[in-house]
Amino acid sequence: MHDDQIAAMAPDVAALTAARKLAVPKLWPTLGTHSRALWGECQGSGASLYRVQVDLETLAFRCSCPSRKLPCKHTLALMLLLANQADHVPVAESPDWVAEWLAQRARAAERRQASAEAAPVAPPAELDPSPSRTPTAREQRVAAGMIELERWLEDRVRTGLAGLQEGALGVFAPFASRMVDAQAPGVARRLREAALLPGSGDGWEGHLLDQLSLLYLLARAYAHLDDLPLDLQADVRTTIGFTQSQAELLLAGQGVFDQWLVLGRRIEDEERLRVQRTWLWGMTGQRSALVLSFSTAYTPLDQSLVPGSFFAGELVFYPGSVPQRALVRTREELTSEPGPLPGCPINAAIGSYAAALAQQPWLERHLLSIGPCRLACVEERWYLRDADEQTLPLSRTSTQIWQLLALTGGHPFTIVGEWDGQMLLPLSVQCEGGFFCV
């Protein structure tokens with residue numbers, strides 16, 4: 001375990017900064033480690049000590065502090081002590097509270113394994129006659145985790161959603177951590193995002209049920225993964241959090257050559273990573289592409305695709321029912337103008353989203369190009385309005401609204417943005433004055 005690996009686990013910069021201040025041996029009356037675990041007791045703000053323990057095999061952790069950040073500053077500090085000041089962390093036998101926690105984890109692992117082994121198996125007559133592949137260790141963990149997810153979701157619906165309006169994080173966060181243990185980070189992220197929905201506004205119950213239903217569908221889909229079309233299999237695995245080698249994809253994937261306009265980019269913090277989404281538009285093929293870049297606290301994001309730039313190149317798309325994410329294989333900058341963007345009425349744009357969603361139900365964002373349209377404000381909420389008097393809500397980011405007003409001056413325009421099923425986040429606009437990224 002190295003310092004940079006621990007830094008990458010931090011939920012935010014503030015937690016890491018606080019952890020470095022706590023990574024001082026004198027603040028830890030109890031410290032110990034052995035081949036399986038790391039533990040310590042840290043002086044908190046109150047009279048009692050916070051008990052921290054880390055499973056060194058899976059990097060699962062637990063701390064008795066009330067922090068909602070996972071991992072908390074005490075957990076990060078304890079790992080920093082082992083990484084940077086190992087001489088102050090003696091090798092010892094586990095105290096009772098650590099031994100009991102490890103025993104609980106071992107019993108839970110046995111139950112998960114038993115559940116996975118007891119899962120229904122198709123009768124021999126229904127099996128594919130082709131040679132079967134032995135699941136990897138990760139696939140076995142994910143399979144057990146999806147069985148648990150299915151049962152946990154059934155319990156949530158059985159007990160009702162109204163009780164989640166208070167204390168949803170306390171219900172969702174521990175199970176999200178369990179999904180991390182099951183090596184399903186995509187599920188864990190969706191659970192943490194769902195935990196923020198209760199009490200978030202009118203209709204939150206419906207939005208939460210939508211998200212829980214998609215997770216249930218995901219668990220059922222993974223249980224029958226081999227029966228699904230290959231593209232849908234790729235969607236399920238990607239949604240759960242399996243990754244594909246970029247080098248292998250670039251080497252073996254079929255390329256799509258076009259003249260690509262860089263529409264814009266968005267950078268967001270997701271758990272321990274910064275995620276950059278850069279959207280492209282193929283002017284000849286009339287299709288979108290999404291290039292993702294990830295970074296930790298100490299690594300920069302790829303800034304080579306500049307919003308507004310125009311290049312001829314070959315992209316390789318990741319497999320899926322609605323191919324969206326891509327890698328740039330070749331690129332040559334162009335000095336010519338890209339030409340007009342292909343805007344369409346709002347109903348047609350939403351129709352394209354509905355068609356994509358029907359093929360890939362876990363689709364989180366879809367690129368829409370709408371125009372000609374104008375800005376409209378109704379009860380302090382901004383919308384797009386097209387020639388058919390249809391409207392579409394815009395993101396509540398006020399700075400973008402004023403920028404759009406300044407660029408378009410009340411005239412018709414074509415806009416391109418990310419649609420998440422609820423509102424449109426503008427990326428770029430084309431009007432009489434030219435093409436602008438917002």
Side-chain angles (χ1 to χ4, degrees), residues 8 130 133-139 141-143 183-190 218 221-222 225-226 228-268 270-296 299-307 309-333 356-357 359-367 418 427:
S130 60
R133 181 180 64 85
T134 302
T136 65
R138 180 181 181 183
E139 289 170 336
R141 293 191 194 98
V142 170
Q183 294 187 277
V187 176
R189 177 180 62 80
R190 285 175 177 254
L218 184 66
Y222 194 78
L225 189 66
D226 292 339
L228 302 177
L230 292 178
D231 285 343
L232 193 54
Q233 288 186 32
D235 294 331
V236 171
R237 290 175 61 86
T238 299
T239 304
I240 288 174
F242 287 93
T243 58
Q244 181 175 351
S245 167
Q246 292 189 4
E248 291 179 2
L249 184 64
L250 286 173
L251 183 64
Q254 182 176 357
V256 176
F257 187 86
D258 208 329
Q259 294 181 336
W260 301 95
L261 174 63
V262 183
L263 297 171
R265 71 162 67 113
R266 289 289 177 265
I267 300 175
E268 293 179 352
E270 289 186 4
E271 300 173 16
R272 307 181 187 98
L273 292 174
R274 299 189 78 206
V275 181
Q276 175 181 271
R277 303 189 303 275
T278 304
W279 289 93
L280 314 178
W281 183 260
M283 302 303 293
T284 302
Q286 298 291 289
R287 66 178 301 177
S288 62
L290 174 63
V291 178
L292 294 180
S293 177
F294 304 92
S295 77
T296 60
T299 56
L301 290 163
D302 180 9
Q303 303 284 311
S304 59
L305 294 174
V306 179
S309 62
F310 189 40
F311 68 91
E314 186 180 23
L315 269 57
V316 181
F317 285 81
Y318 283 78
S321 303
V322 184
Q324 186 181 73
R325 186 185 173 190
L327 298 174
V328 179
R329 178 183 278 167
T330 63
R331 186 176 72 184
E332 181 181 351
E333 298 296 332
L357 199 63
Q359 294 180 274
Q360 212 286 56
W362 304 283
L363 188 66
E364 293 186 276
R365 297 176 183 86
H366 189 68
L367 194 75
E418 291 181 342
L427 289 168

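All values below come from the heavy atoms of this structure, side chains included, with hydrogens, waters and symmetry mates left out.
Residues Gly264 and Pro307 come closest through the heavy atom pair CA-CB, 3.9 Å. Between Leu228 and Ala221, the shortest heavy-atom contact is CD1-O, 3.8 Å. Across Asp235 and Gly320, no two heavy atoms sit closer than the pair OD1-CA, 3.3 Å. Counting all heavy atoms, side chain and backbone alike, Arg331 lies closest to Val328 at CB-CG1, 4.1 Å. In terms of heavy atoms, Ser309 sits closest to Val306 at OG-O, 2.6 Å.
Here Ser288 contributes atom OG and His366 contributes atom NE2; the two are 6.5 Å apart, rounded to the nearest 0.5 Å. One finds the CG atom of Leu357 at 11.5 Å from the OG atom of Ser321 (value rounded to the nearest 0.5 Å). Atom CD of Gln246 sits about 13.5 Å away from atom CG of Leu251, to the nearest 0.5 Å. The structure places CG of Leu305 at 5.5 Å from CZ of Phe311, a figure rounded to the nearest 0.5 Å. Here the straight-line distance linking atom CD of Gln244 with atom CG of Leu327 works out to 9.0 Å at 0.5 Å rounding. Rounding to the nearest 0.5 angstrom, the gap separating the CG atom in Leu273 from the CZ atom in Phe294 is 7.0 Å.
Looking at Val262 and Thr278, their side chains come closer than 4.5 Å, going by heavy atoms from C-beta outward. The shortest side-chain heavy-atom distance between Ile240 and Leu218 falls under the 4.5 Å cut-off. At a threshold of 4.5 Å between non-hydrogen side-chain atoms, the residues Ser293 and Arg265 do not count as touching. Using a 4.5 Å heavy-atom cutoff, the side chains of Thr239 and Arg190 are in contact. Contact check for Phe310 versus Gln259: side-chain heavy atoms found under the 4.5 Å cut-off. Taking the side chain as every heavy atom from C-beta outward, Glu418 and Glu364 never approach each other to under 4.5 Å. Residues Arg237 and Glu139 form a side-chain contact, since some pair of their non-hydrogen atoms from C-beta on lies under 4.5 Å apart. With contacts defined as side-chain heavy-atom distances shorter than 4.5 Å, the pair Val316/Val256 does not qualify.
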* To do: Decide yes or no on side-chain contact (heavy atoms from CB on, under 4.5 Å) for Trp279 and Gln324, but give the supporting numbers first.
  => CA-CA 10 Å; Trp279 289 93; Gln324 186 181 73; 3.7 Å; yes
* To do: Test Gln359 against Leu232 for side-chain contact (heavy atoms from CB on, under 4.5 Å), laying out the working first.
  => CA-CA 8 Å; Gln359 294 180 274; Leu232 193 54; over 6 Å; no
* To do: Walk me through it: do Trp260 and Glu314 pass the test side-chain contact (heavy atoms from CB on, under 4.5 Å)?
  => CA-CA 9 Å; Trp260 301 95; Glu314 186 180 23; over 6 Å; no
* Asked: Could you walk me through whether Tyr318 and Leu290 pass the side-chain contact (heavy atoms from CB on, under 4.5 Å) check?
  -> CA-CA 10 Å; Tyr318 283 78; Leu290 174 63; over 6 Å; no
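With hydrogens and angles left out, the side-chain atoms of Gln303 and Gln276 include a donor and acceptor closer than 3.5 Å.
Remark: Glu333 CD is packed, more than 12 non-hydrogen atoms of other residues, nucleotides or ligands lying under 6.0 Å away.
Of the candidates Arg189, Arg274, Arg277, Arg277 is the only one forming a salt bridge (charged side-chain N to carboxylate O under 4.0 Å, His left out) with Glu268.
Geometrically, Arg138 engages Phe242 in a cation-pi contact, judged by NZ or CZ lying under 6.0 Å from the ring centre and within 45° of the ring axis. Cation-pi geometry between Arg287 and Phe317 is met: under 6.0 angstrom from the ring centre, within 45 degrees of the axis.
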